[in-house]
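Take a look at the structure below.
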Amino acid sequence: MKIADAVKAEIKAKPEMTELPTLATLMEEHGVSRGVALRAFNVLRQEGLAEPVPGGRWRVIRQGQSVDRRPLAEKIADVITRDNIAVGAPFPSTSALAMRFGVSRPTVTKALGKLEAAGLLSEARQGKQRTVLAVPSREEQSKL
């Protein structure tokens, strides 16, 4: 509880804080085991102050803050319509999408695989950029 309280105080003192420290940082700063640090994260989750991000660090949740909790594949499918990418046009790279959404490249690759399977994007090939095969409808996005 002491570690969770320390992180809560840090969240309160730093309004610009959007992510929790890494597990390794928490362990090192407080001299605790991995299990103890994980319990502190779970306390923050139960209190509604933080949530895990697949492929990323834990996100700080602030009161009144709206966070897009849709699956990454849905968010990436939105890129087609938001960026007005036409059918046949090149789609942003895995690296660019990872930076845009603040997740790891393997996480993006997994989500892109779902879009390929849904027939929205062409298959990834070495040295060849993906292209848009279809513009997603709302029904297709909800299935991702």
Identify the two heavy atoms, one from Leu20 and one from Ala50, that lie closest to each other, and give their separation to 0.1 Å. CD1-CB, 3.7 Å
Under 4.5 Å between side-chain heavy atoms, counting indirect links through other Ile/Leu/Val/Met/Phe/Trp/Tyr residues: same cluster for Trp58 and Met27 or not? yes
Closest approach of Gly119 and Leu133, non-hydrogen atoms and distance? O-CB, 3.5 Å
In the single-linkage hydrophobic clustering (I, L, V, M, F, W, Y; side-chain heavy atoms under 4.5 Å), do Val135 and Ile76 co-cluster? yes
Lys2/Asp5 ion pair, N-O < 4.0 Å: no
Report the C-alpha distance between Leu97 and Phe91 in whole Å, list the side-chain angles of each, state the deciding distance to 0.1 Å, and finish with yes or no for side-chain contact (heavy atoms from CB on, under 4.5 Å). CA-CA 10 Å; Leu97 292 167; Phe91 196 70; 3.6 Å; yes
Cluster link Leu23 to Leu44, ILVMFWY, side chain under 4.5 Å: yes
Spell out, as yes or no, whether a donor-acceptor pair under 3.5 Å connects the side chain of Ser122 to the backbone of Thr131. yes
Among Arg125, Gln126, Arg130, exactly one meets side-chain contact (heavy atoms from CB on, under 4.5 Å) together with Lys128. Which residue is that? Arg125
Is Ile85 reachable from Met99 through a run of hydrophobic residues whose side-chain heavy atoms are each under 4.5 Å from the next? no
Checking Arg62 side chain against Thr18 main chain: does a donor-acceptor pair fall under 3.5 Å? no
Within-4.5 Å side-chain heavy-atom neighbours: Pro71 and Lys114: no
Go through the steps to decide whether Glu19 and Val53 satisfy the test side-chain contact (heavy atoms from CB on, under 4.5 Å), and finish with yes or no. CA-CA 10 Å; Glu19 293 181 329; Val53 177; over 6 Å; no
Within the supplied structure, the quantity of interest is the number of heavy atoms (other residues, nucleotides, ligands) at a distance under 6.0 Å from Lys110 NZ; does it exceed 12? no
Determine, using the 4.5 Å side-chain heavy-atom cutoff (strictly less than), whether Val32 and Leu26 are members of one ILVMFWY cluster. yes
